[in-house]
Amino acid sequence: MALAMYGIALFLHFLCLVTTTSAKVPAIIVFGDSSVDAGNNNYIPTIARSNFEPYGRDFYGSKPTGRFSNGRIPTDFISEAFKIKPSIPAYLDPAYDISDFATGVTFASAGTGYDNATSQVLSVIPLWKELEYYKDYQRRLRSHLGPSSANQVLSEALYMISMGTNDFLENYYTMPGRRSQFTVKQYEDYLVGIAGNFVRELYGLGARKISLGGLPPMGCLPLERTTNVMEQNGCVGSYNNLALEFNGKLKGLVARLSSELRGIDLVFSNPYYIFMHIVRKPASYGFEVTSVACCATGLYEMGYACERNSLFTCQDANKYVFWDAFHPTDKTNRIIADYVVKTVLARFL
């Protein structure tokens, strides 16, 4: 913990610095959930969408894209830090083609998780299907660039994986199925096994630079705080402890796979400590509100409940850590992305 706090303090000192890079990474390829979905869910039959106002009000052109934020998401900022492009498009968005995807693409789907059962809760894209889309992308890229150039891009690209929160909050603690099969620790191990197999599959398809993302302090999401009446709407400590425990297992997985898979450059990108520091010391980052979100009442709304005509929606999202009851604001996403770039992903710069 002391080392983590030291790292955050050092990061705060350099927060205003702009990350520079040479083009060692030609593309950023993303898998995951709503933390990194740029709008794939717009094109499937699900209620897990955000392609309407006020989402996107601070994005380019004040345009709602399907990102669960008022602006950009972390992988957009990471792409910008790598000097590739300012945002990463969704693979299913017909406004983009393979020439756009050649430098970065996201296959992520809001509401999904490692567990296929999680994706079924809101009828979203399961992880295996994200991988199938990636295989299709590989074929299209080889046709577009030629096999040799495409294979070089695929081997030098940075692959980012960000999911897991929904497996616990949307599935395990909400639906009866997995709880009847697993204790929570067993379920953690089950998910870690899926994550490991997914990394192995990516490796087998040519990926070498891979970032495996950890869980945030999910007990501090406004939705969880709203229902934590017994503790005066504070963060749910058990959920935060679970996130820490699961992150420890993912970190161990990274160490094992790094030894197992020759030539892989696998890192663990942990948002937990920086996110918790923002929640505990909001003024250090220019925030004023941490316990409720900007959109609507900020207590429970997300997706369609976060509607544009709400009289309660805040005027200045930069004062808020959270945009809706489950997702951070553009400003929070930028801070977390900058931290991850400087402390973990800098090795790829």
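Predicted model, so just to flag it, every value in this text is computed and none were measured.
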If you measure only the distance, is there a donor-acceptor pair under 3.5 Å linking the side chains of [X] and [Y]?
| X | Y | result |
| --- | --- | --- |
| Ser69 | Arg67 | no |
| His327 | Ser34 | yes |
| Asp58 | Asn70 | yes |
| Glu301 | Thr297 | yes |
| Arg334 | Tyr339 | no |
| Asn228 | Arg225 | no |
| Asn40 | Ser109 | no |
| Ser123 | Thr46 | no |
| Thr118 | Asn171 | yes |
| Lys85 | Thr103 | yes |
| Asp115 | Tyr187 | yes |

Looking at Arg347, I'd like to know if its CZ atom is crowded, meaning that more than 12 non-hydrogen atoms belonging to other residues, nucleotides or ligands lie closer than 6.0 Å.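 Buried by this count: over 12 neighbours within 6.0 Å.
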Tell me whether the count of non-hydrogen atoms from other residues, nucleotides or ligands lying under 6.0 Å of CG in Leu205 goes above 12. yes
Taking the ring of [Y] and the ring of [X], is the distance between their centroids below 6.0 Å?
| X | Y | value |
| --- | --- | --- |
| His277 | Tyr285 | yes |
| Phe168 | Tyr239 | no |
| Phe101 | Tyr91 | yes |
| Tyr159 | Tyr134 | yes |
| Phe182 | Tyr190 | yes |

With a 4.5 Å cut-off on side-chain heavy atoms, are [Y] and [X] touching?
| X | Y | answer |
| --- | --- | --- |
| Thr165 | Pro216 | yes |
| Phe68 | Asp324 | yes |
| Cys306 | Pro54 | yes |

In this structure, would [X] and [Y] fall into the same cluster of hydrophobic residues linked by side-chain contacts under 4.5 Å?
| X | Y | result |
| --- | --- | --- |
| Val254 | Phe31 | yes |
| Phe312 | Val292 | no |
| Tyr172 | Phe326 | yes |

Within 45 degrees of the ring normal and closer than 6.0 Å to the centroid, is that where the cationic atom of Arg72 sits relative to Phe59? no
Would Lys135 and Tyr137 count as a cation-pi pair here, with the cationic atom under 6.0 angstrom from the ring centre and within 45° of the axis?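 No; the conditions do not both hold, so Lys135 does not lie above the ring face of Tyr137.
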Mind running ring-ring contact (aromatic ring centres under 6.0 Å, His included) on Tyr43 and Tyr96 for me, showing each step along the way? CA-CA 13 Å; Tyr43 308 99; Tyr96 300 93; 10.0 Å; no
Taking [X] for the side chain and [Y] for the main chain, is one N or O donor matched with an acceptor at less than 3.5 Å?
| X | Y | value |
| --- | --- | --- |
| Thr332 | Val321 | yes |
| Lys331 | Asn318 | yes |
| Ser50 | Gly66 | yes |
| Thr226 | Leu299 | yes |

Under 2.5 Å between the sulfurs of Cys235 and Cys220, yes or no? yes
